[in-house]
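Worksheet for the structure shown next.
Throughout, residue positions are numbered sequentially from 1 according to the sequence presented. Note: hydrogens, waters and symmetry copies are ignored here, and every other heavy atom, side chains too, is used. On a predicted model such as this, the values are computed, not experimentally measured, just so you know.
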Amino acid sequence: MKASKYNFFYEFPEDMEKLIAYNARTNALALIEKENYIKYQNFVDKSIAIDDEKLIEDLKKGQFLIDDELDELELLKYNMLSSKFDTRHLGLTIAPTMNCNFDCIYCYEKNERQNVTMPKDVQDKIVEFVKQQTKYVESINIGWYGGEPLLAFDVVKDISERVMDICKEKDIMYSSFIVTNGYKLNKEIAEELKKLNMEFMQITLDGPEDIHNKRRPLKGGQGTFRKILENMSELVDILPDISLRINVDKENVERVDEILEELDKFGLKNKVYAYLGYVEPINDCYSTGKCLTMKEYSNIDFEFSDKLKKLGFVENNISGYPNLKTNFCGADKTNSLVIDPNGDIYKCWSDIGMVEYKVGNIMDNISVNTDKYMKYILYDSTQDNECMNCKMLPICMGGCPRRRIDGKVDRCSSYKYVLREYLEKTVIIKKEELRKNKTVEA
């Protein structure tokens with residue numbers, strides 16, 4: 001036996017006789033008695049055999065202790081490659097238009113192509129492409145992006161209905177989601193989206209009304225805050241899975257919490273999942289000096305999630321408990337593509353409109369910028385000198401591919417800075433759940 005490379009042990013303030021034990025490769029979490037931890041540590045440091053079979057069994061169960069022959073880095077690499085080149089699932093992010101009715105201060109899509117809406121021949125080619133892929137895939141997911149996708153709702157509806165018909169005919173699982181600013185999202189549109197099998201949507205607010213309206217106004221300068229909240233109030237029972245992203249940077253960080261009061265006033269406290277979004281200067285669209293460092297953001301994000309819990313807001317991932325990653329996102333998977341209104345293909349949402357990041361076009365099937373494509377796909381975090389010896393690797397896998405390609409040094413997972421806090425919170429929640437269950441049983 002040997003110790004896993006990915007073990008973490010932290011003091012547990014609520015019980016000083018125990019430690020929090022976490023393994024980042026298996027995602028196992030436990031409390032361990034200090035006397036048992038000492039036995040474990042003596043085995044690791046001094047090769048003193050553990051004389052407690054039950055302890056050995058428990059440590060093996062969470063893979064805190066593993067077989068001598070197991071190479072964990074190779075196992076991570078195998079899982080990464082399996083995910084990167086998995087052809088059973090097709091993920092498409094489609095921007096039906098680059099047009100937008102907002103003039104956000106940090107928008108990275110302000111270019112000459114902004115008013116383009118997807119023509120019929122590109123729509124047809126996407127549907128044809130999907131039909132070809134049904135020979136190989138088991139599931140298809142489409143994400144609608146922009147611009148503001150609801151400004152081209154006819155395109156969203158046309159492609160969605162045709163792809164849904166294909167999936168039904170071929171017995172393929174279909175799902176979709178939409179990222180929208182929420183301004184045009186009235187009850188009628190919501191009913192249509194429900195028919196199109198939209199599983200969830202993301203809407204953005206940037207704080208209370210005065211802050212949001214300065215950061216995310218209409219192109220004419222008018223405010224958008226109240227309209228978005230009114231829309232959400234009308235549609236939340238039709239489309240209940242709404243994620244509310246609150247973009248945060250140095251300009252609004254002191255006031256993002258105030259949005260929670262507004263959500264309560266509009267009856268959305270227990271109906272939408274609010275979370276913070278990290279603003280960064282993509283494509284040099286926003287001053288780096290206005291952006292938070294990842295360490296700053298991580299601590300603010302933890303405090304915000306803690307406040308959601310204390311105020312009784314509905315939360316998606318209540319504890320912020322880490323998720324294991326095989327690859328980082330769709331950008332470093334072969335079967336995930338981003339398609340803009342002209343049919344240009346990219347690997348990352350942030351690349352839309354940047355010719356140097358375009359990797360092809362769906363109309364001609366000719367690859368371009370192969371070097372960029374390879375930088376996304378062939379990157380191996382298990383061979384990266386900055387990552388391969390990091391204990392966070394299984395829950396980070398090298399961080400954001402786009403930030404890596406752009407040479408950004410601040411690409412580590414937020415768990416690098418707040419893992420202990422999230423684990424501690426999770427343990428407290430789990431202990432409380434166990435206590436309540438025992439009380440009910442009694």
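Minimum interatomic distance between Thr117 and Pro341 (heavy atoms only, all atoms of both residues): C-CB, 3.9 Å. Counting all heavy atoms, side chain and backbone alike, Leu419 lies closest to Pro322 at CD1-CG, 3.7 Å. Between Ile395 and Ala24, the shortest heavy-atom contact is CG2-O, 3.9 Å. The nearest pair of heavy atoms linking Leu263 to Ala274 is CD1-CB, 4.3 Å. Taking every heavy atom of both residues into account, Asp103 and Lys219 meet most closely at CB-CA, 4.1 Å. Of all heavy-atom pairs spanning Pro96 and Val155, the tightest one is CB-CG1, 3.7 Å.
Contact annotation: the side chain of Gln222 never approaches that of Asn213 to less than 4.5 Å [non-hydrogen atoms, C-beta and beyond]. At least one side-chain heavy atom of Leu393 sits less than 4.5 Å from a side-chain heavy atom of Ser381. Contact annotation: the side chain of Asn342 never approaches that of Val122 to less than 4.5 Å [non-hydrogen atoms, C-beta and beyond]. Side-chain contact between Tyr183 and Leu218 is present, with heavy atoms from C-beta onward closer than 4.5 Å. With a 4.5 Å cut-off on side-chain heavy atoms, Lys425 and Ser305 count as touching. Residues Tyr22 and Thr426 are not in side-chain contact: their nearest non-hydrogen atoms beyond the backbone lie 4.5 Å or more apart. Contact check for Phe266 versus Met232: no side-chain heavy atoms found under the 4.5 Å cut-off. When side chains are defined from C-beta on, Ser4 counts as touching Glu72, because their heavy atoms get closer than 4.5 Å.
For Phe177, the ring pair (Phe, Tyr, Trp, His ring centres under 6.0 Å) criterion is met by Phe200, not counting sequence neighbours. Taking the side chain to side chain contact (heavy atoms under 4.5 Å, CB included) definition, one finds that Phe85 meets it with Leu81, Thr334, Ile377, Leu378, sequence neighbours left out. Phe153 meets the ring pair (Phe, Tyr, Trp, His ring centres under 6.0 Å) test with no other residue; sequence neighbours excluded. Checked against salt bridge (Lys or Arg N to Asp or Glu O under 4.0 Å), Arg411 has the following partners two or more places apart in sequence or in another chain: Asp384, Glu386. The side-chain hydrogen bond (donor to acceptor under 3.5 Å, both in side chains) search around Tyr6 returns none, not counting sequence neighbours. Applying the ring pair (Phe, Tyr, Trp, His ring centres under 6.0 Å) rule to Tyr297 yields the partners Tyr278; only residues at least two apart in sequence or on another chain are considered. Every residue two or more places apart in sequence or in another chain that forms a side chain to side chain contact (heavy atoms under 4.5 Å, CB included) with Thr26 is listed here: Asn23, Ala28, Gln63. Residues satisfying the salt bridge (Lys or Arg N to Asp or Glu O under 4.0 Å) criterion with Glu35, sequence neighbours excluded, are absent altogether. For Lys250, the salt bridge (Lys or Arg N to Asp or Glu O under 4.0 Å) criterion is met by no residue, not counting sequence neighbours. For Lys77, the salt bridge (Lys or Arg N to Asp or Glu O under 4.0 Å) partners at least two apart in sequence or on another chain are Asp380. Shown here are the ring pair (Phe, Tyr, Trp, His ring centres under 6.0 Å) partners of Phe225, two or more places apart in sequence or in another chain: His212.
Checked by atom type and distance alone, the side chain of Arg25 never pairs as donor or acceptor with a backbone atom of Leu324 at under 3.5 Å. The closest donor-acceptor contact from the side chain of Asn186 to the backbone of Ile189 lies under 3.5 Å. Side-chain atoms of Asn252 come within 3.5 Å of backbone N or O of Asp206 as a donor-acceptor pair. Asp344 places no side-chain N or O within donor-acceptor distance of the main-chain N or O of Gly353, the cut-off being under 3.5 Å. Of the possible donor and acceptor atoms, none in the side chain of Ser83 sits under 3.5 Å from a partner among the backbone N and O of Asn79. At distances below 3.5 Å, at least one donor-acceptor pair connects side-chain atoms of Asp410 with backbone N or O atoms of Met294. Side chain of Lys347 to main chain of Lys333: a donor-acceptor pair is present (N/O by atom type, distance under 3.5 Å, no hydrogens or angles). Without hydrogens or angle criteria, Asn369 side chain to Val355 main chain gives a donor-acceptor distance under 3.5 Å. Side-chain atoms of Asn270 never come within 3.5 Å of backbone atoms of Phe313 as a donor-acceptor pair (strictly under, hydrogens ignored). Remark: the backbone N or O of Glu17 is paired with a side-chain donor or acceptor of Asp15 at under 3.5 angstrom.
Side-chain contact of Asp332 with Tyr379: a donor-acceptor pair under 3.5 Å is absent, judged by distance alone. If you check the side chains of Asp86 and Asn335, you find no donor sitting under 3.5 Å from an acceptor. Lys325 and Ser413 share no donor-acceptor pair across their side chains, judged by distance under 3.5 Å alone. Judged by distance alone, the side chains of Trp144 and Ser176 never bring a donor and an acceptor atom under 3.5 Å apart.
Aromatic ring orientation, Phe9 versus Tyr40: tilted (interplanar angle from 30° to 60°).
Screening Tyr346, Tyr376, Tyr357 for a side-chain hydrogen bond (donor to acceptor under 3.5 Å, both in side chains) with Asp351, the sole residue that qualifies is Tyr376. Only one option out of Tyr10, Tyr417, Phe8, Tyr415 pairs with Tyr422 in a ring pair (Phe, Tyr, Trp, His ring centres under 6.0 Å); it is Tyr415. When each of Thr180, Thr97, Asn99 is tested with Glu148 by the rule side-chain hydrogen bond (donor to acceptor under 3.5 Å, both in side chains), just one qualifies, namely Thr180.
With a 6.0 Å radius and a threshold of 12 heavy atoms from other residues, nucleotides or ligands, Lys184 has its NZ atom at or below the threshold. Heavy-atom contacts from other residues, nucleotides or ligands closer than 6.0 Å to NZ of Lys34 number more than 12. For Tyr78, the OH atom is loosely surrounded, since the number of other residues' heavy atoms within 6.0 Å does not exceed 12. Other residues, nucleotides and ligands contribute at most 12 non-hydrogen atoms within 6.0 Å of the CD atom of Glu254.
With salt bridges taken as basic N to acidic carboxylate O contacts below 4.0 Å, none links Asp210 and Lys214. Under a 4.0 Å N-O distance rule, the pair Glu192/Lys157 qualifies as a salt bridge. Ion pairing between a basic and an acidic side chain is recognised when a charged N comes within 4.0 Å of a carboxylate O; Arg435 and Glu432 show such pairing.
Relative to the ring axis of Tyr373, Lys358 does not place its NZ or CZ within 45° and under 6.0 Å from the centre.
Note: Met397 CE to Met80 CE = 5.5 Å, rounded to the nearest 0.5 Å.
Counting only residues at least two apart or in different chains, side-chain hydrogen bond (donor to acceptor under 3.5 Å, both in side chains) contacts with residues 225-235 comprise Glu209-Arg226.
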Item to check | Step-by-step salt bridge (charged side-chain N to carboxylate O under 4.0 Å, His left out) determination, Lys194 to Glu191 | outcome: CA-CA 5 Å; Lys194 185 177 182 179; Glu191 294 283 6; 5.5 Å; no

Checklist entry - Can Gln202 and Tyr275 be said to form a side-chain hydrogen bond (donor to acceptor under 3.5 Å, both in side chains), step by step? => result CA-CA 10 Å; Gln202 176 191 293; Tyr275 71 99; 2.9 Å; yes

